[in-house]
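The structure under discussion appears below in the form of structure tokens.
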2 protein chains.
Amino acid sequence: MKQISSRFSIAVHILSLIAVSSKDCTGDFIAGSVNTNPVIIRRIMGMLKKAGLVDIRPGVGGASLLKDRDQITLLDVYRAVEVIEDGQLFNFHDDPNPQCPVGRNIEAALRSEMKEAQSAMEQRLAQVNLSQLAAQFV
Amino acid sequence: MKQISSRFSIAVHILSLIAVSSKDCTGDFIAGSVNTNPVIIRRIMGMLKKAGLVDIRPGVGGASLLKDRDQITLLDVYRAVEVIEDGQLFNFHDDPNPQCPVGRNIEAALRSEMKEAQSAMEQRLAQVNLSQLAAQFV
DNA sequence: CACCGTTGTAACCATTGTAGTTACTACACG
DNA sequence: CGTGTAGTAACTACAATGGTTACAACGGTG
């Protein structure tokens, strides 16, 4: 299966850098720490900006957090960069046969469980914020 | 992002059919209820067979469960069909820069949280078995 | 045994998401 | 104005997915 995109881990990396770094964080500087192309960083920072997590200064460069470090959770970051259709982690096969009792009823039953499982994961992500994470790499 | 493959929902559909159906479940019959190509069904049933969940009779056709309905959880099905590298739902970007304090330490910290989030989802899937699901479509 | 329906695969295709690259424009400041 | 940065568009390469056709292997039944 396709894993959840590394955009998420890169985004967390970006925000951590901005959080702990006193100096100006330019896209190229971040790209050096993440070890990837600056355009990748700019794309993801664009998503973080759109989500209202960071402020980016065009022209002169540099980024800063728009919220307090302990107000940004991993779920916020996940939601900012993992744009899925309808936010549904699980895919459901199209058009089960309504003539069949199983085909007719399985969708509602299974979708409910899928939603619960996804929610369990998201709740766990919501428990961790940037401060807690940054404290782990002293 | 790419959603979790519909193989999972189809696999649950297949097992539900086998569980509630008294007559022989052939691949073509199941394909009719799922509303897809029989080869898709055979591929997924092959995974379920390899996982030890079902027994399939070649030649004459027909499948049956190898475990009791309440001994097969959604997590069993998920693990049977969603084969990910190392079983890791989250992807982590390669080779953060070890020269940078953030790049050097973020991987361990973040991987730990990713593991917890994935585990939370899987634990939720493990709470539901085929009997409970089948009971929902009376 | 011959036939028939089924399972088990291999091969191929179109579509989509991902990650990366190059190139260019827009912007802010000294 | 010149420099360095952000913001994008366009393109490539690669992999997963879902689907399709085709064919071999298998197991009963007439």
Side-chain angles (χ1 to χ4, degrees), chain A residues 1-11 13-14 17-18 23-32 34-51 53-64 81-96, chain B residues 1-11 13-14 17-18 23-32 34-51 54-64 81-86 88-96:
Chain A
M1 176 220 163
K2 200 75 174 181
Q3 293 173 303
I4 287 177
S5 164
S6 65
R7 278 198 305 271
F8 175 58
S9 66
I10 294 180
H13 191 147
I14 292 172
L17 263 180
I18 300 174
K23 54 188 165 188
D24 272 359
C25 285
T26 70
D28 286 32
F29 166 70
I30 298 176
V34 173
N35 193 23
T36 185
N37 193 289
V39 178
I40 305 291
I41 302 298
R42 286 180 227 158
R43 278 210 278 251
I44 296 177
M45 288 182 79
M47 299 181 189
L48 297 175
K49 181 184 183 183
K50 192 175 294 184
L53 297 180
V54 298
D55 179 50
I56 306 176
R57 296 194 306 165
V60 61
S64 54
V81 299
E82 294 293 333
V83 272
I84 319 182
E85 190 178 359
D86 297 329
Q88 305 289 313
L89 179 61
F90 290 88
N91 193 1
F92 194 92
H93 54 287
D94 296 324
D95 305 319
Chain B
M1 174 221 162
K2 201 75 173 181
Q3 293 174 302
I4 288 177
S5 164
S6 66
R7 280 199 304 272
F8 174 59
S9 65
I10 294 179
H13 192 147
I14 292 172
L17 263 180
I18 300 175
K23 54 188 165 187
D24 273 358
C25 284
T26 70
D28 285 31
F29 167 69
I30 297 175
V34 173
N35 192 21
T36 186
N37 193 291
V39 178
I40 304 292
I41 302 297
R42 286 180 226 157
R43 279 210 277 249
I44 297 177
M45 287 183 78
M47 299 180 188
L48 297 176
K49 181 184 182 181
K50 191 176 295 182
V54 298
D55 179 51
I56 306 175
R57 297 193 306 163
V60 61
S64 54
V81 299
E82 292 296 331
V83 273
I84 319 181
E85 190 180 359
D86 298 328
Q88 304 289 314
L89 178 61
F90 289 87
N91 193 3
F92 194 92
H93 55 286
D94 296 323
D95 305 318

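First the proteins, then the strands, lettered A, B, ... as listed; each starts at 1.
Put simply, CE on Met47(A) is 13 Å from P on dG7(D), counting in whole angstrom units. Arg43(A) has its CZ atom 15 Å from the P atom of dA6(D), to the nearest Å. One atom, CD1 of Ile18(A), and another, P of dA6(D), lie 10 Å apart when rounded to the nearest Å. Between Gln3(A) atom CD and dT18(C) atom C1' there is a gap of 12 Å when expressed in whole angstrom units. Here dA16(D) presents its P atom at 11 Å from CD1 of Ile84(B), a figure rounded to the nearest Å. Whole-Å rounding puts the Met1(B) CE to dG17(C) P distance at 11 Å. Atom CG in Leu48(A) sits roughly 13 Å away from atom P in dA6(D) (whole-Å rounding). Nucleotide dT7(C) holds its P atom 8 Å from the CD1 atom of Ile56(B), rounded to whole Å.
For Val60(A), taking side-chain heavy atoms from C-beta onward, the closest of the listed nucleotides dG18(D), dT22(C), dA28(C) is dA28(C). Comparing dT17(D), dT9(C), dG20(C) against the side chain of Arg7(B) picks out dT17(D) as the nearest. Side chain of Ile40(B), nearest nucleotide from dA6(D), dG18(D), dG20(C): dG18(D). With dG17(C), dA6(D), dT20(D) as the choices, the nucleotide that has an atom nearest any side-chain atom of Lys2(B) turns out to be dG17(C).
In this structure, the side chains of His13(A) and Ile30(A) stay at 4.5 Å or more apart for every pair of heavy atoms. Under the 4.5 Å side-chain criterion, counting only non-hydrogen atoms from C-beta, Ile41(A) is in contact with Thr36(A). Proximity of Ile40(B) to His93(A): side-chain heavy atoms (C-beta onward) are nowhere separated by under 4.5 Å. Residues Arg42(A) and Val39(A) are in side-chain contact: their nearest non-hydrogen atoms beyond the backbone lie under 4.5 Å apart.
When atom types are taken as modelled, the side chain of Gln3(B) and the backbone of Gln88(A) share a donor-acceptor pair closer than 3.5 angstrom.
When the side-chain nitrogen and oxygen atoms of Lys49(A) are compared with OP1 and OP2 of dG7(D), one or more of them lie within a distance under 4.0 Å. Phosphate contact (OP1/OP2 of dG18(D), side-chain N/O of Ser6(B), threshold under 4.0 Å): present. At dA16(D), none of the side-chain N or O atoms of Ser5(B) fall inside 4.0 Å of OP1 or OP2 (strictly under the cut-off).
For Arg42(A) against dT8(D), a side-chain-to-base donor-acceptor contact under 3.5 Å is present.
Residue-level contact check: Gly46(A) touches neither bases nor backbone, having no heavy atom under 4.0 Å from any strand.
Of the two residues near DNA chain C, Pro38(A) and Glu82(A), the one whose nearest nucleotide lies more 5' is Glu82(A).
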